[in-house]
Amino acid sequence: MRIHQIFFDIFISLCLINLNINIDVATCNCLDHQQFFLLRLKENLVFNPATSKKLVHWNHSGNCCQWNGVTCRKGHNLSLASNDFNSSIPLKFGKLKNLRGLNLSNAGFHGQVPAQISHLTKLTTLDLSTSLASQNILKFQNPNIGMFFQNLTKLTQLYLDGVRVSAEGKKWGCALSSLQKLKVLSMSSCNISRPIDSSLSALQRLSVVRLNLNNISGPVPEFFANFSNLNVLELSSCNLSGHFPKDKFQMQTLSALD
Ligand SMILES: *[C@@H]1O[C@H](CO)[C@@H](O)[C@H](O)[C@H]1NC(C)=O
Ligand SMILES: *[C@@H]1O[C@H](CO)[C@@H](O)[C@H](O)[C@H]1NC(C)=O
Ligand SMILES: *[C@@H]1O[C@H](CO)[C@@H](O)[C@H](O)[C@H]1NC(C)=O
Ligand SMILES: *[C@@H]1O[C@H](CO)[C@@H](O)[C@H](O)[C@H]1NC(C)=O
Ligand SMILES: *[C@@H]1O[C@H](CO)[C@@H](O)[C@H](O)[C@H]1NC(C)=O
Ligand SMILES: *[C@@H]1O[C@H](CO)[C@@H](O)[C@H](O)[C@H]1NC(C)=O
Ligand SMILES: *[C@@H]1O[C@H](CO)[C@@H](O)[C@H](O)[C@H]1NC(C)=O
Ligand SMILES: *[C@@H]1O[C@H](CO)[C@@H](O)[C@H](O)[C@H]1NC(C)=O
Ligand SMILES: *[C@@H]1O[C@H](CO)[C@@H](O)[C@H](O)[C@H]1NC(C)=O
């Protein structure tokens, strides 16, 4: 599969410390080329054997699906979450055209989220979230969020917590309103401002909405009460004002409200 070449190019240049790598390969059995790719990946990494406790045991024996740090599942998912890459997101990720799930949360990537990620049109899950404590900050500046999600219409889960989206309500609302399959929208601490745009009311399937730690300075949008699957609604520290429309939120599905 294409994935090997891409990884070579990507990883050769990175110097990693504390590596804790989790890769989902495409089938339940470790295929020869996948094992080969993982071993070449290991060879090309500069790592500290004392701290990279999983990687250090990867070797030619056994089924790579049993290696510590490797998870094999059906599907086309890549998770490099919880690493310390300390670099920008490699542009070549954009060549992994069949990816369904991409998890780069707390992976130490920083800077602009490359437009190439927006070419992964089969994605159903995208997690770019970073914890507040992280010094590695991802941002949507150029390209901004305006066009980025235009073709990612299969997304059901989108996690951008801690990413500097830095856009006003109308802009990010319109940008996301075409994601009709979205069930999870998690955008806490994204530096978004101005009232939530009513275009978001199109996202009728939302069950989890997290927008806390932003500057939304406006009333609580009543249209959230129209989402018939809404389960979690987090709007704390958003600089909201006015009365909470509690008569609207008589929803049996709601299990967490913040
Ligand atoms: C090689 O891999 C096997 C199976 O995963 C493991 O039991 C063994 O400890 C590894 N050898 C080394 C030298 O790490
Ligand atoms: C991404 O990986 C992190 C760390 O393993 C995990 O906590 C998180 O739930 C994953 N995100 C998704 C969308 O599965
Ligand atoms: C990340 O890289 C920069 C410059 O390449 C370096 O100054 C910094 O110490 C690195 N941070 C970590 C946590 O390795
Ligand atoms: C990969 O697929 C599994 C099972 O389908 C799912 O639980 C997991 O969240 C997926 N990972 C990503 C990063 O999408
Ligand atoms: C979305 O796809 C269309 C058709 O392939 C293309 O013309 C357009 O440039 C794409 N948009 C983005 C933001 O990549
Ligand atoms: C937050 O967003 C505003 C624009 O809405 C921008 O001017 C400002 O620089 C952003 N702040 C940070 C820390 O990125
Ligand atoms: C919050 O947004 C309002 C306008 O919507 C703006 O006047 C104010 O400066 C913003 N506050 C911060 C801390 O950025
Ligand atoms: C909250 O919103 C008001 C009115 O838009 C604005 O003046 C103020 O700066 C905002 N506060 C914060 C902490 O963003
Ligand atoms: C909620 O849905 C009802 C019925 O579809 C509609 O009349 C109403 O305008 C919607 N309310 C909001 C705030 O979108």
Side-chain angles (χ1 to χ4, degrees), residues 18-24 54 68-85 89 93 99-113 117 120 122-146 148 152 154-176 179 181-197 206-221 231-232 234-242:
N18 283 328
L19 187 77
N20 169 28
I21 203 158
N22 289 286
I23 296 178
D24 294 348
K54 298 180 177 177
N68 213 343
V70 178
T71 312
C72 298
R73 279 187 289 224
K74 279 217 166 86
H76 297 82
N77 303 345
L78 176 64
S79 174
L80 296 171
S82 310
N83 280 301
D84 189 12
F85 286 103
I89 296 177
F93 280 176
L99 274 189
R100 309 295 204 276
L102 180 60
N103 189 344
L104 303 180
S105 78
N106 292 307
F109 291 120
H110 51 75
Q112 173 67 41
V113 179
I117 299 294
L120 302 175
K122 292 185 181 169
L123 282 181
T124 61
T125 301
L126 178 61
D127 190 342
L128 300 177
S129 59
T130 32
S131 62
L132 281 181
S134 174
Q135 295 182 343
N136 295 299
I137 295 175
L138 284 169
K139 59 184 178 185
F140 284 98
Q141 191 169 37
N142 185 20
N144 63 29
I145 199 168
F148 196 90
L152 298 184
K154 295 206 160 97
L155 280 177
T156 61
Q157 301 185 49
L158 179 59
Y159 296 83
L160 297 176
D161 309 83
V163 178
R164 283 204 188 130
V165 173
S166 302
E168 296 185 352
K170 222 174 181 63
K171 185 136 202 188
W172 69 265
C174 290
L176 300 183
L179 306 180
K181 298 195 164 145
L182 212 56
K183 293 181 179 161
V184 176
L185 177 61
S186 201
M187 288 180 67
S188 56
S189 195
C190 283
N191 188 32
I192 48 180
S193 56
R194 298 294 175 96
I196 298 175
D197 193 64
L206 281 175
S207 71
V208 175
V209 177
R210 289 194 195 98
L211 295 171
N212 34 307
L213 297 166
N214 284 299
N215 178 16
I216 288 170
S217 39
V220 177
N231 186 236
V232 174
E234 293 184 12
L235 296 171
S236 63
S237 304
C238 269
N239 200 16
L240 291 167
S241 54

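One-based numbering along the sequence shown. One-based numbering, in listed order, for ligands and for the atoms of each.
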When you compare the side chain of [Y] with that of [X], does any pair of heavy atoms fall below 4.5 Å?
| X | Y | value |
| --- | --- | --- |
| Ile117 | Ile89 | yes |
| Ile216 | Arg194 | no |
| Leu211 | Ile196 | yes |

For ligand 2, which atoms have a heavy atom of [X] less than 4.0 angstrom away?
| X | value |
| --- | --- |
| Thr125 | 13 (C) |
| Ser105 | 1 (C), 2 (O), 3 (C) |
| Tyr159 | 13 (C) |

Determine whether a donor-acceptor pair (N or O, by modelled atom type, separation under 3.5 Å) exists between the side chain of [X] and the backbone of [Y].
| X | Y | value |
| --- | --- | --- |
| Asp197 | Gly169 | no |
| Asn215 | Asn239 | no |
| Asn136 | His110 | no |

As a test of reading the model: which residues have a non-hydrogen atom less than 4.0 Å away from ligand 8?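 Those residues closer than 4.0 Å to ligand 8 by some heavy atom are Asn215, Ser217, Asn239.
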Examine the side chains of Ser166 and Asn191 and answer whether a donor and an acceptor come within less than 3.5 Å of each other.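 Yes - a donor-acceptor pair under 3.5 Å links their side chains.
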With no hydrogens and no angle check, just 3.5 Å: does a side-chain donor-acceptor pair link Asp161 and Ser186? yes
Evaluate Asp127 for polar contact with ligand 2, using N/O atom pairs at a separation under 3.5 Å.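 Yes, at least one N or O pair falls under 3.5 Å.
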Is Glu168 in polar range of ligand 6, meaning some N or O pair under 3.5 Å apart?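 Among all N and O atoms of Glu168, none is under 3.5 Å from an N or O of ligand 6.
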